[in-house]
Amino acid sequence: MTSQARASDLLAWYDRHRRALPWRAGAGERPDPYRVWASEIMLQQTTVAAVKPYYERFMARFPTVRALAEAPSEEVMQAWAGLGYYSRARNLHACARAVMANHAGRFPDTEEALRALPGIGAYTAGAVAAIAFDRPAAAVDGNVERVMTRLFAIAEELPGARPLIRERVLALLPHDRPGDFAQALMDLGATICTPRNPACGICPWREPCRARAEGVQESFPRKAAKKAGVTRYGAAFVLTRADGAILLRTRPAKGLLGGMAEVPTSEWRADYELDGAAQDAPLPMRWSRLPEPVRHVFTHFPLELTVFTAGVPQGVAAPAGMRFTPLAALAGEPLPSVMLKVVERAGLARPERR
Ligand code: SF4
């Protein structure tokens with residue numbers, strides 16, 4: 001008969017093997033709620049390795065919730081550029097402003113009050129309440145779902161299994177160290193109970209783990225089949241001016257890549273016809289079509305952009321709603337990854353992130 005999973009075994013493991021992360025307080029230190037919250041927003045759908053350099057730069061630029069709230073939104077979007085999922089950056093900024101306006105600059109310390117803030121869903125509210133304030137809250141992300149479905153051999157498919165997983169986490173939660181427990185579960189999922197080849201031999205829950213006992217670890221979590229998005233196509237127009245400037249515009253504030261900068265493009269559609277691309281160009285002139293399109297995958301669809309280039313003499317003014325940005329100042333524009341690829345494909349140096 002297998003033994004019962006106990007929080008104390010996981011915590012003993014965590015005390016020896018906890019990851020040192022830039023946003024994590026040292027053992028015995030009080031975590032800064034602002035840093036915990038910002039890191040959790042950044043880590044949504046992004047890996048720890050990818051977030052680390054952004055997080056350090058972001059904190060150097062906006063060291064407090066006040067600094068973030070008072071920054072212009074273009075500056076926040078620029079610091080975020082490259083992390084993807086830009087609605088998170090907009091919500092992050094709105095949340096910092098709400099904390100200043102409604103909570104006197106201090107993050108509220110309950111799940112319920114945290115959830116009322118922009119961009120904070122069930123997971124983030126649980127994670128911040130547990131990690132920053134040691135509240136007995138469940139923070140269930142993909143790592144935790146994997147560990148729990150394996151530990152208890154939960155065969156129900158995600159996302160339907162979420163309430164049950166949450167229930168199991170709450171039942172295990174130790175009331176003396178809920179913050180450490182939340183982080184320990186995340187670490188276990190990230191370093192031991194990995195999607196492929198989990199290191200069950202050194203797992204603190206190897207005895208009680210039901211999936212391990214049955215040798216079917218990798219069959220969990222079970223997921224409902226996902227529909228792949230349909231590829232969309234479009235044209236991107238890279239127009240350079242003789243004085244070393246490039247034509248850009250800002251995307252609408254709402255929607256995909258909202259508020260980010262881009263070179264002018266056509267609509268992105270599954271049935272886009274490149275033969276009519278000239279009609280979508282920002283200026284009627286001779287455009288050169290580059291042979292190899294830029295490919296990029298968004299959450300819901302893959303995109304293929306064919307790049308057209310052209311040059312204009314010095315003194316040409318930008319069409320309405322657009323601007324010429326000196327190439328030397330390109331790094332200061334909030335260009336998303338797909339646009340960095342377009343600029344690079346056009347033979348212009350990829351701007352270094354500041
Ligand atoms: S024993 Fe293996 S499958 Fe079970 S929780 Fe530990 S690492 Fe995951």
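Both ligands and their constituent atoms are indexed starting at 1 by order of listing. For this chain, numbers begin at 1 and follow the sequence in order.
Atom 6 (Fe) of ligand 1 lies under 2.8 Å from an N, O or S atom belonging to Cys203. Residue side and main chain included, Cys193 places an N/O/S atom under 2.8 Å of atom 8 (Fe) of ligand 1.
Given atom 3 (S) of ligand 1, the protein heavy atom at minimum distance is Gln217 CG, 3.4 Å. Annotation: atom 4 (Fe) of ligand 1 to nearest protein heavy atom, Cys209 SG, 2.3 Å. Atom 2 (Fe) of ligand 1 has as its closest protein heavy atom Cys200 SG, 2.3 Å.
With sequence neighbours excluded, the residues forming a side chain to side chain donor-acceptor pair (under 3.5 Å) with Glu344 are Arg350, listed by chain and number.
A salt bridge (charged side-chain N to carboxylate O under 4.0 Å, His left out) with Glu304 is found for one member of Arg269, Arg295, Arg232 and no other, namely Arg295. Each of Arg150, Arg196, Arg146 was checked for a salt bridge (charged side-chain N to carboxylate O under 4.0 Å, His left out) with Glu218, and the lone residue meeting it is Arg196.
A salt bridge links Arg135 to Asp109: one of the charged nitrogens lies within less than 4.0 Å of a carboxylate oxygen.
For ligand 1 and Arg206, the ligand atoms under 4.0 Å from any heavy atom of the residue are 1 (S). Heavy-atom proximity to Arg150, at under 4.0 Å, picks out these atoms of ligand 1: 3 (S). Counting atoms of ligand 1 from 1 in the listed order, those under 4.0 Å from a heavy atom of Arg212 are 1 (S).
When every heavy atom of Val48 is checked against every heavy atom of Leu21, the shortest pair comes out as CG1-CD2, 3.8 Å.
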Please determine whether side-chain contact (heavy atoms from CB on, under 4.5 Å) holds for the pair Asp187 and Arg18, giving the CA-CA distance in whole Å, both sets of side-chain angles, and the decisive distance to 0.1 Å. CA-CA 7 Å; Asp187 281 16; Arg18 69 204 301 276; 4.2 Å; yes
